Amino acid sequence: MMFTRHRTIQWCTGLLFFEEEKKCSTWQAKLSQIRFASLKYTVFIRCISKFQFILPALQEGHGARTFPRVQISTMALKNNLMVAGGFRGELIFKYVGKPGVAFCTNVADDRNSITNAVDVYESPNGATRVTAANNDSAVKTFDVERCSLLGRFTFPWSVNNTSVSPDGKLLAVLGDSSDCVIADAQSGQEIATLEGHLDYSFSSAWHPGGHVLATGNQDTTCRLWDMRNLSASFAVLKGRMGAVRGLRFSSDGQFLAMAEAADFVHVYDTRACYTTVQEIDLFGEIAGMAFSPDTGALFVGVADRTYGSLLEFSRRRRSAYLDSYW
């Protein structure tokens, strides 16, 4: 496979709305999410370093609180619902294209407890849910329609990342532990513990088919787990030099992108059993990355104070029927 640099978008401050073809969210100093909504190519970017994302006007909802100034720590976007977490435990819901904020509250027991990860998913009954993970060692689940707390699941360590399986049934929980917990997304009951990593974990991603989970760790590896046999990981993907801070499967399941904390993004071909890989070598801390919904492009955010930018890599195809080149 091959990626070719298509363009570089540079910015210096604030929030940039790049209106061309996709909707994606933001990145932060530590690797965060860049995600896409249904509309094509509007890119939401938050500048790193000293700048904060300012919410202009928050509308109070059911049990909501207002936050006149929020520093965004993580973001997710699905079906035009943008969910953001803050460095002081804030959780914010906003619908893209609608004015104001639908809901905002504080989800952390400790006000200094950062919201490390948020995820938007559909439950088996079709309802939209949101998970929020914090340094207070808890994962909270919210109903989006009612803006209400559905459950609170606690763990013996700070939670750095959570992700829900495509069918909405399984919850992967990773944090300040070498193990990854697979839990029931509705009850929080632990189903399995994945063992194999050597350090703390920071990222995870589910294959669209739901049968493979990828986990990224400080030990510079990504491990792949088959949900049908969780006794051991079936593959270990090695980074070049740093912790694996970001993982993304393409929407068609053909590619897995693995981002290190800085300088390197690795793209694996899942159809080649993850043995074929393209390494993208760039400069600076990697702030986030994601495939476009049609898998026609890969976006990588760079958080360097001087060279901070959004890099777009276009897919290069050999022919109309071969689909593995960028």
Side-chain angles (χ1 to χ4, degrees), residues 23-28 30-37 44 72-86 89-96 102-105 107-108 114-145 147-153 155 158-175 180-188 191 201-208 210 212-216 227 245-249 251 257 259 288-291 293:
K23 274 207 194 301
C24 83
S25 66
T26 76
W27 50 83
Q28 51 169 325
K30 68 173 197 175
L31 194 62
S32 181
Q33 293 88 350
I34 298 179
R35 298 187 187 253
F36 297 91
F44 295 89
I72 300 300
S73 59
T74 184
M75 234 170 171
L77 188 63
K78 184 175 183 179
N79 297 334
N80 289 333
L81 173 64
M82 180 184 291
V83 178
E90 301 94 341
L91 180 67
I92 302 159
F93 295 177
K94 175 178 174 55
Y95 288 96
V96 175
F103 174 73
C104 59
T105 189
V107 296
I114 183 175
T115 302
N116 288 320
V118 292
D119 193 18
V120 184
Y121 69 99
E122 289 188 3
S123 66
N125 65 6
T128 302
R129 303 277 192 257
V130 168
T131 60
N134 294 80
N135 280 343
D136 62 2
S137 305
V139 176
K140 292 90 173 177
T141 303
F142 289 82
D143 177 80
V144 171
E145 183 179 359
C147 297
S148 59
L149 178 67
L150 296 177
R152 183 182 186 277
F153 316 136
F155 299 86
S158 294
V159 180
N160 297 325
N161 178 268
T162 61
S163 59
V164 179
S165 60
D167 62 6
K169 295 181 179 180
L170 299 178
L171 173 68
V173 184
L174 305 87
C180 170
V181 172
I182 302 298
D184 182 277
Q186 182 172 350
S187 67
I191 296 173
S201 295
F202 292 96
S203 58
S204 64
W206 292 86
H207 186 278
V212 172
L213 172 69
T215 58
M227 291 296 104
R245 289 276 185 159
L247 293 166
R248 296 286 181 270
F249 279 100
S251 60
M289 51 95 194
F291 293 100

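Quick note: residue numbers are just sequence positions, from 1. Just so you know, these numbers come straight off a predicted model, no measurement behind them. Scope of the values below: all heavy atoms of this structure, side chains included, with no hydrogens, waters or symmetry mates.
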(message) Could you walk me through whether K78 and T128 satisfy the side-chain contact (heavy atoms from CB on, under 4.5 Å) test, starting with their C-alpha distance in whole Å, then the side-chain angles of each, then the deciding distance to 0.1 Å, before giving a yes or no?
(response) CA-CA 10 Å; K78 184 175 183 179; T128 302; over 6 Å; no
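A salt bridge links D143 and R129; the closest N-O separation between the charged side-chain nitrogens and carboxylate oxygens is under 4.0 Å.
Atoms OG1 and CG, from T74 and N116 in turn, are 8.0 Å apart once rounded to the nearest 0.5 Å. Here the CG-CG distance, from D184 to L171, works out to 9.0 Å after rounding to the nearest 0.5 Å. Taken to the nearest 0.5 Å, the CG atom of L213 stands 4.5 Å off from the CE atom of M227. Interatomic distance, CD1 of I182 versus NZ of K169, reported as 15.0 Å (0.5 Å rounding). Residue S163 holds its OG atom at 6.5 Å from CG of D119, rounded to the nearest 0.5 Å. Of the inter-residue distances, the one linking W206 atom CH2 with D167 atom CG reads 8.0 Å to the nearest 0.5 angstrom.
Taking each heavy atom of G168 and A185 in turn, the nearest pair found is O-CB, 3.5 Å. When every heavy atom of R245 is checked against every heavy atom of F202, the shortest pair comes out as NH1-CD2, 3.4 Å. For the residue pair N134 and G89, the shortest heavy atom distance occurs at ND2-CA, 3.9 Å. For N79 against E122, the heavy-atom pair with the smallest separation is ND2-OE2, 3.6 Å. The two residues L174 and C180 make their nearest non-hydrogen contact at CG-SG, 3.8 Å. Among all heavy-atom pairs drawn from A132 and T115, the shortest one is CB-CG2, 4.5 Å.
Judged purely by atom type and a 3.5 angstrom limit, D136 uses its side chain to pair as donor or acceptor with the backbone of A138. Between the side chain of N160 and the backbone N or O of S201 there is at least one donor-acceptor pair closer than 3.5 Å. Side chain of N125 to backbone of A127: a donor-acceptor contact under 3.5 angstrom is found. Distance alone, capped at 3.5 Å, is enough to place a donor-acceptor pair between the S251 side chain and the P293 backbone.
The closest side-chain heavy-atom distance from T141 to Y121 is below 4.5 Å.
Between F103 and F142, the ring planes lie tilted relative to each other; the angle falls in the 30° to 60° range.
Between the side chains of N161 and S204, at least one donor-acceptor pair of N or O atoms lies under 3.5 Å.
Under the salt bridge (charged side-chain N to carboxylate O under 4.0 Å, His left out) criterion, K94 pairs with no residue, sequence neighbours left out.
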